[in-house]
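All ligand and atom numbering here is 1-based and tracks the order in the structure. What you see is a predicted model, and the numbers here were worked out from it, not measured in a lab.
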Amino acid sequence: MSATEATKRLGIRHPIIQGPFGGGLSTLKLAALVSNAGGLGSFGAHVTPPDRIEALTRDLRAQTNQPFALNLWISDHDPGGLELTQEEFDRVYQRFEPYFRELDLAKPERPQRYHQSYEKQVEALLEARPPVFSFVFGIPSATILAECRQRGIVTLGAATSIAEAVALDEAGIDLIVATGMEAGGHRVSFLARAEDSLMGTFALTQIVSTRVKAPVIAAGGIADGRGLRAALTLGAQAAQLGTAFLACEESGATPEHRAILLSDRTQHTVLTRAFSGRLARGVRNRWTDEIAPTLGTLAPFPVQNWFMAQLRSAAVRASRTDLVSLWAGQVAPNLRHRNAGVLMDALIADL
Ligand SMILES: Cc1cc2nc3c(=O)[nH]c(=O)nc-3n(C[C@H](O)[C@H](O)[C@H](O)COP(=O)(O)O)c2cc1C
């Protein structure tokens, strides 16, 4: 009963996709569990070094013989974010220095790169041949897309606006995620500024599903069977859930983050560039409310993100939640499940 155009293209039983999490928050366990339960599990690999992608795909295959998605960020830096001179690096560090001190961290060495290279990652992904290649922040080149077709890799791209959905469709992407501004994590816009691409899931899904040939997957603000059914009613052929899976014990979120996701603090989420340099939604904390306004101009992505990642390791070790991102979507106050198997069972039963 739950077969749709999307389930057919993806070769899955239920129109449920566990959205990928970047920044080390994806786990093999969560992705495999969702795929084994008949949905599409995803692994966010944008921080995975290219030479780890084949092993990652092998590990996923070892845990599930069902389709799964590997996810990359197509654009790996914003202007000014590729290389910094020592002087520029020092200037950015100055703004972070009080917080490095607060966490007893020494000044870091200037790195050669602030992010993995998408070009090298996608080469490795083609070699590894995951069943599904999902991506954000752009459209792969025609050559990469032709390689995917030849190798039987299904493509799944995200749109935050009608124009982006049409562009993905014209490029021949197999399935399109219509992602509303309610969603947790990054606003993955690529044709206009994220701040100018803030359509909600309800409007975006309805409109996009009448404008594109590819099956549409609704993402943003969906956490239970009611939301899933509503998405299907609006013209979507599946739904992608992020925040609801992030709150489950199988995700890579820290116990402190998961506890906050299941608390009243999620009534206040905010879209901010203060963590990574790109716009993203999370729970408000000291960093978003008190520190960010004092930072002045933020460093571009991924430089801002790299400095925050240095702080993050020490903050997490100290169970601190005031200096780290607490990604969450607007639907979080309605979350009920702490276990992804139970969440999948509930979603499937509700369908
Ligand atoms: C912590 C976090 C990290 C995310 N990272 C990625 C990512 O790397 N790639 C991607 O395509 N989507 C990413 N997303 C988006 C989710 O896959 C999903 O589309 C979104 O969370 C759906 O909205 P919801 O949070 O309201 O359920 C992320 C979401 C969260 C909450």
Side-chain angles (χ1 to χ4, degrees), residues 16-27 30-31 34 39-48 68-76 115-116 118 121 132-138 155-160 164 168 173 175-190 194 200-202 204-205 216-224 227-228 230-231 236 238-248 251-254 257-258 260-261 266 269 271 275-276 278-283 301-302 305 312 324-335 337 340 343 347:
I16 303 166
I17 298 175
Q18 169 250 320
F21 304 129
L25 298 179
S26 278
T27 64
L30 176 59
V34 173
L40 183 78
S42 312
F43 195 101
H46 83 90
V47 295
T48 305
F68 58 83
L70 228 80
N71 178 269
L72 295 179
W73 290 19
I74 304 254
S75 107
D76 54 21
H115 196 269
Q116 302 296 333
Y118 159 72
Q121 285 176 318
V132 181
F133 169 29
S134 85
F135 53 84
V136 286
F137 289 117
T155 53
L156 196 157
T160 65
E164 287 174 358
L168 287 161
I173 306 306
L175 298 110
I176 297 174
V177 181
T179 176
M181 59 87 189
E182 298 93 325
H186 282 84
R187 193 80 194 123
V188 292
S189 310
F190 60 94
T201 306
F202 217 93
L204 193 63
T205 302
V216 170
I217 295 156
I222 302 166
D224 57 20
L228 189 46
Q240 175 163 298
L241 285 67
T243 303
F245 283 109
L246 189 67
C248 294
S251 89
T254 62
H257 186 170
R258 281 187 278 116
I260 290 172
L261 282 173
T266 55
T269 64
L271 277 166
F275 290 107
S276 70
R278 285 182 175 169
L279 198 68
R281 185 178 295 285
V283 174
F301 178 87
N305 198 46
R312 183 179 180 86
V324 297
S325 51
L326 299 168
W327 304 131
Q330 288 182 334
V331 78
N334 255 10
L335 298 183
H337 300 293
L343 170 60
L347 289 167

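Nearest protein heavy-atom contact of atom 5 (N) of ligand 1 is Gly22 N, 2.9 Å. Of the protein's heavy atoms, Gly242 CA, 3.2 Å lies nearest to atom 21 (O) of ligand 1. Considering only non-hydrogen protein atoms, atom 26 (O) of ligand 1 sits nearest to Gly221 N, 2.8 Å. Summary of contacts: the protein heavy atom closest to atom 13 (C) of ligand 1 is Pro20 O, 3.0 Å. Distance from atom 29 (C) of ligand 1 to its nearest protein heavy atom, with residue and atom name: Gly184 O, 3.3 Å. Nearest non-hydrogen protein atom to atom 9 (N) of ligand 1 is Asn71 OD1, 2.8 Å. Of the protein's non-hydrogen atoms, Phe21 CD2, 3.6 Å is the one closest to atom 2 (C) of ligand 1. From the protein, the heavy atom lying nearest to atom 8 (O) of ligand 1 is Trp73 NE1, 2.8 Å.
For atom 22 (C) of ligand 1, the nearest non-hydrogen atom from the set Gly227, Gly282, Gly252, Gly220 comes from Gly220. Of the listed residues (Arg281, Met181, Gln240), the one carrying the non-hydrogen atom nearest atom 19 (O) of ligand 1 is Gln240.
Closest of all the heavy-atom pairs between Phe21 and Leu246 is CZ-N, 3.6 Å.
Judged by distance alone, with hydrogens and angles left aside, the side-chain atoms of Gln18 form no donor-acceptor pair with the main-chain N or O of Gly39 at under 3.5 Å.
Val331 is not listed as a side-chain neighbour of Ile222, based on a closest heavy-atom distance of 4.5 Å or more.
When each atom of ligand 1 is checked for a heavy atom of Leu25 under 4.0 Å away, the hits are 1 (C). Close contacts of ligand 1 with Trp327, meaning ligand atoms under 4.0 Å from a residue heavy atom, involve 1 (C).
Assignment of Gly44 to the shell around ligand 1 is not supported, since no heavy atom sits closer than 4.0 Å. Note on ligand 1: Thr179 sits outside its first shell, no heavy atom being nearer than 4.0 Å.
Residue-to-ligand polar distances place Thr243 within reach of ligand 1: an N/O pair is separated by less than 3.5 Å. Between Leu241 and ligand 1, no pair of N/O atoms sits closer than 3.5 Å.
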Go through it in stages, so that I can follow the logic: the residues are Arg281 and Thr243, the test is side-chain hydrogen bond (donor to acceptor under 3.5 Å, both in side chains), and I'd like the CA-CA distance, side-chain angles, deciding distance and then a yes or no. CA-CA 11 Å; Arg281 185 178 295 285; Thr243 303; over 6 Å; no
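His257 has its ring centre no less than 6.0 Å from the ring centre of Trp327.
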